[in-house]
Number of protein chains: 2
Amino acid sequence: MIQEQGSFAVGGTILNTAGTYNNAPTAEGQSLHGDHLYAFYQVPQNPKALPIVMLHGAFQSARSWETTSDGREGFQTIFLRRGFPVYLVDQPRRGRAGNSTVATTIEPTPYDQLFFDQFRLGRWPDYFDNVQFDRKPETLDQFFRSVTPNTGPYDAGVISDAMSALIDRSGPAILFTHSQGGGPGWLTAIKNPNVKAIVAFEPGSGFIFPEGELPEAMPSAAGTLTPEAVPMADFEKLTRIPIVIYYGDNFPTEPTTERGQDNWRVRLAMAKLWVEAVNKYGGDARLVHLPEIGIRGNTHFPMSDMNNVQIADQVSQFLAEKKLD
Amino acid sequence: MIQEQGSFAVGGTILNTAGTYNNAPTAEGQSLHGDHLYAFYQVPQNPKALPIVMLHGAFQSARSWETTSDGREGFQTIFLRRGFPVYLVDQPRRGRAGNSTVATTIEPTPYDQLFFDQFRLGRWPDYFDNVQFDRKPETLDQFFRSVTPNTGPYDAGVISDAMSALIDRSGPAILFTHSQGGGPGWLTAIKNPNVKAIVAFEPGSGFIFPEGELPEAMPSAAGTLTPEAVPMADFEKLTRIPIVIYYGDNFPTEPTTERGQDNWRVRLAMAKLWVEAVNKYGGDARLVHLPEIGIRGNTHFPMSDMNNVQIADQVSQFLAEKKLD
């Protein structure tokens, strides 16, 4: 039962070219609207007060939150059924928000096997024994086809500006982020006090700490993870809202040469330091490493894994506890 | 009241790189899934038998069929309310179906003014007197931000292959096309007999005629429109289904130096010849030039114009007449 649904663009900028428009396909005197985000929203009957805004990660679009690769309902529909208005975002320079104010070149880059490893389905070509990912070939095909490229340079500032404009429009909201979306998510909450909580699934970038209090960078087989500095006045804004971070299974806490796994070892370690830092300044942040509470086999996409209803239940419990539902 | 909704990728191809995958971000031994389309579908309660599949035009995505630029319901929701399952497509190499097997470069191209003229909102910066387009600045802003670029070369063959795969999945369906989507739409119906009717809004490219029966190319202030040849056996497939084509208002039937208007003068003229050719071979094609039936002021986007409910009524009447509803 849907009361209302629709889509819009929000945020972004306008480029103007000098000269006089001459009724021709040349740049003179013309403008370009770009760097906005695209959002599709649905409002159920008798909605809860706070909508949920879902921001995808790298190489992904709003697709991340829709139907799972094995054809079940994703978080879009699960949380809609649970009574929340749901906004799905294609971030600036991705998906349907493709108009970028900065040029880029898109090469067809064969990264399926890298993604299989890095998104922790297994160690190519083998699945992890306990992985919460359906093993039908057509499921893997759907998973690979959820990948979509940047149509301009990735820019967390541009993304969080547009996200803040979205929150202005949606009003007070709960923010879900995935992976690379974690960084812009924190920045959105800094920019807009109407972000009332953040649920971050496997944040992968943009770990921000107060200036002068940065932990050491963390080398890994997948490169070095470097924390980023923000003014204390900004960092403190993250201490005013409840935050929960989830990481899944099948990566070690000790260094490994397995690139796809070592990538998450350092991210989990950095996230732990980040949660400590937020809480040290009076915040309400929590990190849930799912295997530690007995939830096994989750990939980098817990919101679409085979146990995604169980994950949604975890999130619902958190939202209930924080009186956000 | 929605029974089911979701999304998936369909069609496309797989590129494989020689060598052995070595757990690293290099191409060796890896694959790329690309050139699929992305579809989002919704099925209402008590659905009609035939779903409607909606294919967008150039510089656009499924967004074309969603909320209008002035914030009203678009054809996605209007036809859902009228009982049809609705599939919205992002074609291969566009929007959320961004993974292309062929490289491209995306330049931020300032074409707002060109689009204003070519999509017949008016003669920049003035709106046409009778235009069915809301004049609030925020409406024009939304309109410009619906533009999204190709993430690979435009290829009507790639698009119609993926569209045919979608029709295999949806089963017998009614196809709506817009603008540049017209050409791939005809090809989809040639490739798949489960396309049971086509409703084409302002087809802009891919006018196909039987080999040896091509009309003259038509020069215009916007370039020359050239018909394309297909084998008679293929052309005849278009004579087996009902087809209706709609064009809107505010372009002349005599040549003009106004680029944005002259573009549509030749397309309307070519479409008239095309309808004649289809019907000459026993087809059931109809061209509706909206001003001729007293419907004035339509832009290049009749499905989202201020009178889009009136346009939807025209389409519903056509579907009823052809017993497709």
Side-chain angles (χ1 to χ4, degrees), chain A residues 1-2 5-9 12 15-17 21 23-25 27 29-34 36 38 40 61-63 66-67 71 73 77 90 94-114 117 124 141-142 144-149 151-152 258-260, chain B residues 1-2 5-9 12 15-17 21 23-25 27 29-34 36 38 40 61-63 66-67 71 73 77 90 94-114 117 124 141-142 144-149 151-152 258-260:
Chain A
M1 291 278 287
I2 292 176
Q5 66 178 19
S7 65
F8 55 85
L15 286 188
N16 289 287
T17 308
Y21 172 59
N23 191 24
Q30 294 208 59
S31 59
L32 168 79
H33 286 62
H36 47 267
Y38 160 92
F40 179 75
S61 67
R63 174 84 185 82
E66 296 176 348
T67 305
E73 288 184 353
T77 302
D90 284 356
R94 193 80 61 80
R96 294 176 181 166
N99 250 11
S100 166
T101 61
V102 183
T104 198
T105 295
I106 300 177
E107 298 283 351
T109 309
Y111 271 2
D112 287 345
Q113 285 66 27
L114 190 82
D117 287 356
W124 179 265
D141 184 85
Q142 286 292 314
F144 286 147
R145 294 187 189 283
S146 71
V147 170
T148 199
T151 58
E258 292 296 322
R259 191 180 186 285
Chain B
M1 291 279 285
I2 292 176
Q5 66 177 20
S7 65
F8 55 85
L15 285 187
N16 289 287
T17 307
Y21 173 58
N23 191 25
Q30 294 208 59
S31 60
L32 168 79
H33 286 62
H36 47 268
Y38 160 92
F40 179 76
S61 68
R63 174 84 185 83
E66 297 175 347
T67 305
E73 288 183 354
T77 303
D90 284 355
R94 193 80 62 77
R96 294 175 182 168
N99 250 12
S100 167
T101 60
V102 183
T104 199
T105 295
I106 299 177
E107 298 283 350
T109 309
Y111 271 1
D112 287 344
Q113 286 65 27
L114 191 81
D117 287 357
W124 179 265
D141 184 86
Q142 286 292 314
F144 285 147
R145 294 186 189 283
S146 71
V147 170
T148 199
T151 57
E258 292 297 322
R259 189 180 188 285

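Note that the structure is a prediction, hence the values are computed from the model and not measured. Naming: A, B, ... by sequence-line order, numbering from 1 per chain. Keep in mind that the numbers below use all heavy atoms, side chains included, and drop hydrogens, waters and symmetry copies.
Contact of Ser31(B) with chain A is made through backbone and side chain together, with heavy-atom distances under 4.5 Å. Using a 4.5 Å cut-off between heavy atoms, Thr151(A) touches chain B through backbone and side chain atoms alike. Interface remark: Ser61(B) contributes side-chain atoms only to the contact with chain A (heavy atom separation under 4.5 Å). Residue Glu73(B) does not touch chain A at all, counting heavy-atom pairs closer than 4.5 Å. Both the backbone and the side chain of Asp141(B) come within less than 4.5 Å of a heavy atom in chain A. Heavy-atom distances place the backbone of Thr109(B), and not its side chain, under 4.5 Å from chain A. For Asn99(A), the parts sitting under 4.5 Å from any heavy atom of chain B are the backbone and the side chain alike. The contact between Glu107(B) and chain A is made by backbone and side chain atoms together, counting heavy-atom distances below 4.5 Å. If you measure heavy-atom distances from Phe8(A) to chain B, the contacts under 4.5 Å come from both the backbone and the side chain.
Every residue meeting the side-chain contact (heavy atoms from CB on, under 4.5 Å) condition with Ser7(B), not counting sequence neighbours, appears here in chain and number order: Arg63(A), Glu66(A), Thr67(A), Tyr38(B), Phe40(B).
The choice from Asn16(B), Asp90(B), Val102(B) that makes the most heavy-atom pairs within less than 4.5 Å of chain A is Asp90(B). In terms of heavy-atom pairs under 4.5 Å with chain A, the best-connected choice from Pro25(B), Ala103(B), Gly98(B) is Pro25(B). Of the listed residues Thr105(B), Ile2(B), Ile106(B), Thr17(B), the one with more heavy-atom pairs under 4.5 angstrom with chain A than any other is Ile106(B). Across Thr148(B), Asn23(B), Thr104(B), the residue that shares the most heavy-atom pairs under 4.5 angstrom with chain A is Asn23(B). Your options are Met1(B), Gln5(B), Arg94(B), and the one with the most heavy-atom pairs under 4.5 Å with chain A is Gln5(B).
Between Pro110(A) and Gln30(B), the shortest heavy-atom contact is O-CB, 2.9 Å.
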